[in-house]
Every structure is written in C-alpha cells, then in structure tokens.
Amino acid sequence: QVQLEESGGGLVQAGGSLRVSCAASGRAFSNSAMGWFRQAPGKEREFVASISWSGGRTYYGDSVKGRFTISRDNSKNMMYLEMRNLKPEDTAVYYCAARLSSLATTTDDYRYWGQGTRVTVSP
C-alpha cells in the first residue's frame, strides 16, 4: 500500500521554473516505480515522466523532454519534478502515481494516485 501527496504547485510566469514534490508513505515506496501525470481542463490525463524504483531509469513525454527532470529520494520517501522553461500549455493539475512493478507510462498501469497539485503558467 502506498499513499501519495503532492505539493509545490502554484502560479509562475512563462519561462520560469517550479518544482513539485510527492511525499509517499508506506513501506512499498522503495519498491515502486513512480510517475507524474497532468490533466488540463477539458483534456485527458497525460503522461509526463516516470522513474524506476532505483531512480536509475527515467522516461519523459515528448512535450516535456529536455525541460522537466524527474527524481526520487528513497531515503525520504520523496519524488520530485523539476520544471524549467515553463509554457502556458504546461498549465494543469499534476498528479503523482505509483505502481508495485516496473516503469510504465500509461494511467492504467498505475494503482496509487495522489490528489494533485495545480500548476498555472501565465503568458
């Protein structure tokens, strides 16, 4: 069982940076692949990035590749998403997710979800 809680969202101007965090509880965290997804108003939830249980492998969606960096600290049960050069189209609610298996990129692959944190990028 893994419980997840996101934080760090807010309002930022285009071109700016922001880091969102995901705090996890439960002993299974260090064995879980983790991911970030986002959902903009009126749109489906979209894959952003994922990271293996060890942090050794990462994968990014095309729209954020080169601008976002996913990382995790298993000693603190934390996962992070560092976002740089933000664009208005990055505006969305950002969700962290976990699965007790290998790295994955679709919403159906993840069993555990947080409540989300809102990121708004102004032009």
Side-chain angles (χ1 to χ4, degrees):
Q1 188 79 7
V2 179
Q3 293 81 41
L4 305 170
E5 182 174 3
E6 303 90 341
S7 62
L11 175 64
V12 62
Q13 287 187 331
S17 300
L18 194 66
R19 186 178 80 163
V20 291
S21 303
C22 176
S25 59
R27 290 180 289 178
F29 174 77
S30 60
N31 296 324
S32 300
M34 303 287 293
W36 285 101
F37 292 78
R38 67 187 183 185
Q39 189 165 18
K43 295 188 177 181
E44 293 187 352
R45 196 165 294 190
E46 172 192 22
F47 170 73
V48 175
S50 58
I51 188 166
S52 62
W53 68 270
S54 68
R57 289 192 302 140
T58 58
Y59 193 75
Y60 295 92
D62 288 341
S63 62
V64 306
K65 205 172 293 183
R67 300 187 298 121
F68 290 12
T69 302
I70 188 172
S71 62
R72 66 190 294 168
D73 185 340
N74 287 346
S75 69
K76 298 180 180 179
N77 277 17
M78 294 292 295
M79 181 179 66
Y80 307 99
L81 184 69
E82 189 76 37
M83 302 181 287
R84 299 179 298 277
N85 190 23
L86 283 159
K87 304 175 181 180
E89 51 263 43
D90 294 318
T91 295
V93 176
Y94 283 71
Y95 297 91
C96 69
R99 67 192 301 260
L100 300 178
S101 186
S102 58
L103 188 150
T105 63
T106 65
T107 56
D108 289 344
D109 290 323
Y110 287 83
R111 179 176 182 181
Y112 304 103
W113 292 85
Q115 294 300 306
T117 186
R118 185 174 301 276
V119 173
T120 302
V121 184
S122 62

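- Distance check: Cys22 SG to Met79 CE gives 4.5 Å after rounding to the nearest 0.5 Å.
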For residues 5-12, run the donor-acceptor check on the side chains, cut-off 3.5 Å, and write out each pair with its distance to 0.1 Å, sequence neighbours left out.
{"residue": "Glu6", "atom": "OE1", "partner": "Gln115", "partner atom": "N", "Å": "3.0"}
{"residue": "Glu6", "atom": "OE1", "partner": "Gly116", "partner atom": "N", "Å": "2.8"}
{"residue": "Glu6", "atom": "OE2", "partner": "Cys96", "partner atom": "N", "Å": "2.9"}
{"residue": "Glu6", "atom": "OE2", "partner": "Gly116", "partner atom": "N", "Å": "3.2"}

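- Counting heavy-atom neighbours within 6.0 Å of Lys43 NZ, excluding the residue itself, gives a total of 12 or less.
- If you chain together hydrophobic residues whose side chains sit under 4.5 Å apart, Tyr60 and Trp53 never meet in one group.
- Applying the 6.0 Å contact sphere to CZ of Arg111 captures no more than 12 heavy atoms from other residues, nucleotides or ligands.
- Looking at Thr91, its side chain does come within 3.5 Å of a backbone N or O of Val121 through a donor-acceptor pair.
- Note: Asn85 CG to Ser17 OG = 8.0 Å, rounded to the nearest 0.5 Å.
- Atom-to-atom distance recorded for Asp108:CG and Arg99:CZ is 10.5 Å, nearest 0.5 angstrom.
- Here Tyr110 sits in one hydrophobic cluster together with Phe37, Phe47, Tyr59, Val93, Tyr95, Leu103, Trp113; the rule is ILVMFWY side chains under 4.5 Å apart, joined directly or through other members.
- To the nearest 0.5 Å, the span separating OH on Tyr80 from OG1 on Thr69 amounts to 14.0 Å.
- Rounding to the nearest 0.5 Å gives a distance of 11.0 Å between OG1 of Thr117 and CG of Leu81.
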Test side-chain hydrogen bond (donor to acceptor under 3.5 Å, both in side chains) on Arg38 and Ser63 and set out the steps. CA-CA 12 Å; Arg38 67 187 183 185; Ser63 62; 3.2 Å; yes
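- Contact between Ala98 and Val2 at its shortest, heavy atoms only, is CB-CG1, 4.2 Å.
- Taking every heavy atom of both residues into account, Ser32 and Leu100 meet most closely at OG-CD2, 2.9 Å.
- Taking CZ of Arg72 as the start and OG1 of Thr58 as the end, the distance is 12.0 Å to the nearest 0.5 Å.
- Checked for salt-bridge contact, Asp90 and Lys87 miss the test: no charged N lies under 4.0 Å from a carboxylate O.
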